[in-house]
Amino acid sequence: MTFESILPIPDIFSARRVLCIQPHYDDNDIGAGGTLAQLAINGTEVIYLTVTDDLAGVVDASLSREAALQSLARDQQASGKITGVKEQIQLNYPDAGEYSYFSLRRDLLKYIRLLQPDFIFTCDPWLTYEAHRDHIQTGLAAAEAVLFSSLLKIPSSDPTLDAAYKGHSIDGVAFYYTREPNQVIDISSTWETKVAAIRSYATQIPPDSADQLIMALQLKSSQICEGRDFQYGEPFKILHPSALHCGL
Ligand SMILES: [Zn+2]
């Protein structure tokens, strides 16, 4: 008997609605854009939730705060159209700034209870040598929010919603930016879509930096396919919610 026979790796392509929780506005597309574009093509509702306001990474220092926010929003709308994102949610915590982990977890519980997705995508908070606190906090708060979504004694930031919530099942969590993948998704047919989405983030990634990023992604996305019968892949650690506690 194998562990997978007791708790199989959940099938992301069975999802009806996915909530993709990212620290910054480009992480979902960099980490999982090919897979998310394929899900959108298949008819799955793809919803993005961005935790921070992204202001720390704006390249043009002459932009006012308001102009920078508008420019970031334009990038996100453009990339979302390319990937097939149905809805964009912004929490606007300060990028690389000070904010409460528990406040973030309450907000994520709110959107999980409100939208009732059957799959969550987020960054792996246990990535070795990840130094960016926004990534660690976001991945961990998302995982904890999945674990606690049906425990109504753990409040979200919306008490009215909590009172009405009857619980729902979440099939799994797909962590991107992971060192311990248990699945590689074939993104050969959506590779160009992913590249185009990443090029939309020009407020943070000017064209020459985008070229470098895409070259690095191309190398990694093809290396992960060695021994497989496809050209480009995205690695994920995909876990059933029951596997998010005590290492089982
Ligand atoms: Zn990021």
Side-chain angles (χ1 to χ4, degrees), residues 11-13 15 17-51 54 57 59 71-89 117 119-124 127 130 132 135 138-139 142 172-179 181-226 228-238:
D11 175 16
I12 53 173
F13 289 105
R17 177 181 293 155
V18 296
L19 178 61
C20 310
I21 299 171
Q22 58 183 351
H24 308 110
Y25 79 155
D26 51 3
D27 288 307
N28 286 335
D29 286 322
I30 295 171
T35 303
L36 295 170
Q38 188 60 56
L39 282 166
I41 290 166
N42 294 357
T44 301
E45 275 185 25
V46 176
I47 301 172
Y48 278 17
L49 184 153
T50 305
V51 167
D54 276 296
V59 177
S71 185
L72 290 162
R74 277 197 300 274
D75 289 357
Q76 188 134 56
Q77 287 304 320
S79 66
K81 273 196 186 132
I82 292 167
T83 305
V85 177
K86 183 173 180 256
E87 186 181 348
Q88 303 269 4
I89 298 160
F119 237 99
I120 303 288
F121 281 70
T122 193
C123 53
D124 187 339
L127 172 66
E130 174 56 71
H132 203 313
H135 281 230
T138 296
V173 183
F175 293 102
Y176 54 78
Y177 298 159
T178 186
R179 288 262 190 272
N182 58 359
Q183 198 156 87
V184 177
I185 303 293
D186 177 3
I187 59 157
S188 308
S189 66
T190 51
W191 169 254
E192 291 301 334
T193 307
K194 173 177 175 139
V195 168
I198 291 170
R199 287 197 185 281
S200 302
Y201 295 112
T203 307
Q204 282 207 4
I205 314 174
D208 52 340
S209 302
D211 289 343
Q212 274 193 337
L213 172 61
I214 288 159
M215 269 172 55
L217 278 172
Q218 191 161 20
L219 189 65
K220 287 217 161 194
S221 306
S222 51
Q223 277 176 345
I224 197 84
C225 298
E226 275 170 22
R228 301 171 199 270
D229 62 354
F230 46 88
Q231 190 180 5
Y232 296 118
E234 280 173 341
F236 293 96
K237 182 74 165 186
I238 302 178

Distance-only donor-acceptor hits, side chain of residues 35-47, under 3.5 Å, sequence neighbours excluded:
| residue | atom | partner | partner atom | Å |
| --- | --- | --- | --- | --- |
| T35 | OG1 | E234 | OE1 | 2.6 |
| Q38 | OE1 | S189 | OG | 3.3 |
| Q38 | NE2 | N42 | OD1 | 3.0 |
| T44 | OG1 | A15 | O | 2.9 |
| E45 | OE1 | R17 | NE | 2.8 |
| E45 | OE1 | R17 | NH2 | 3.3 |

Distance-only check: which donor-acceptor pairs under 3.5 Å involve side-chain atoms of residues 214-225, not counting sequence neighbours?
| residue | atom | partner | partner atom | Å |
| --- | --- | --- | --- | --- |
| Q218 | NE2 | Y232 | OH | 2.8 |
| S221 | OG | L217 | O | 2.5 |
| S222 | OG | Q218 | O | 2.8 |
| S222 | OG | L219 | O | 3.1 |

Inset, instruction - Drop me the distance from Q88's CD to C20's SG, to the nearest 0.5 angstrom. - result: 9.5 Å

Legend entry - From D27 atom CG to T138 atom OG1, the distance as rounded to the nearest 0.5 Å: 8.0 Å

Inset, instruction - Mind running side-chain contact (heavy atoms from CB on, under 4.5 Å) on I185 and F13 for me, showing each step along the way? - result: CA-CA 10 Å; I185 303 293; F13 289 105; 3.9 Å; yes

Legend entry - S188 (side chain) donor-acceptor with Q231 (main chain) under 3.5 angstrom: yes

Legend entry - Test item: I120 and I21 side chains (from C-beta on) under 4.5 Å apart, heavy atoms: yes

Legend entry - Validation row: T193, I82 side chains within 4.5 angstrom (heavy atoms): yes

Inset, instruction - Begin with the C-alpha distance, continue with both residues' side-chain angles, and end with the deciding distance and a verdict on side-chain contact (heavy atoms from CB on, under 4.5 Å) for K194 and I187. - result: CA-CA 9 Å; K194 173 177 175 139; I187 59 157; 4.1 Å; yes

Inset, instruction - For residues H24 and T50, determine if any side-chain heavy atom of one lies less than 4.5 Å from a side-chain heavy atom of the other. - result: no

Inset, instruction - Look up atom CD in Q77 and atom OG in S200, then write down how far apart they are to the nearest 0.5 Å. - result: 11.0 Å

Legend entry - Residues R199, D26: salt bridge by 4.0 Å N-O rule: no

Inset, instruction - Specify the closest pair of heavy atoms between G34 and T190, including all atoms of both residues, with the distance to one decimal. - result: O-OG1, 2.8 Å

Legend entry - Trace of the side-chain contact (heavy atoms from CB on, under 4.5 Å) decision for Y48 with Q22: CA-CA 7 Å; Y48 278 17; Q22 58 183 351; 3.8 Å; yes

Pairs of donor and acceptor atoms involving the side chains of residues 201-210, under 3.5 Å and at least two apart or interchain, shall be tabulated with distances.
| residue | atom | partner | partner atom | Å |
| --- | --- | --- | --- | --- |
| Y201 | OH | Y25 | O | 3.2 |
| Y201 | OH | D29 | OD2 | 2.5 |
| Y201 | OH | S79 | OG | 2.9 |
| T203 | OG1 | S71 | O | 3.4 |
| T203 | OG1 | S71 | OG | 2.7 |
| T203 | OG1 | D75 | OD1 | 3.3 |
| T203 | OG1 | D75 | OD2 | 2.6 |
| Q204 | NE2 | D54 | O | 2.9 |
| Q204 | NE2 | D54 | OD1 | 3.2 |

Legend entry - Working for side-chain contact (heavy atoms from CB on, under 4.5 Å), residues I198 and L213: CA-CA 9 Å; I198 291 170; L213 172 61; 3.8 Å; yes

Inset, instruction - Kindly state whether the ring of F121 and the ring of F175 have centres lying under 6.0 angstrom apart. - result: no

Inset, instruction - Identify the two heavy atoms, one from T122 and one from G139, that lie closest to each other, and give their separation to 0.1 Å. - result: OG1-CA, 3.8 Å

Legend entry - Geometric class of the Y177/H135 ring pair [parallel <30°, tilted 30-60°, perpendicular >60°]: parallel

Legend entry - Close side-chain approach of N28 and Y176, heavy atoms under 4.5 Å: yes

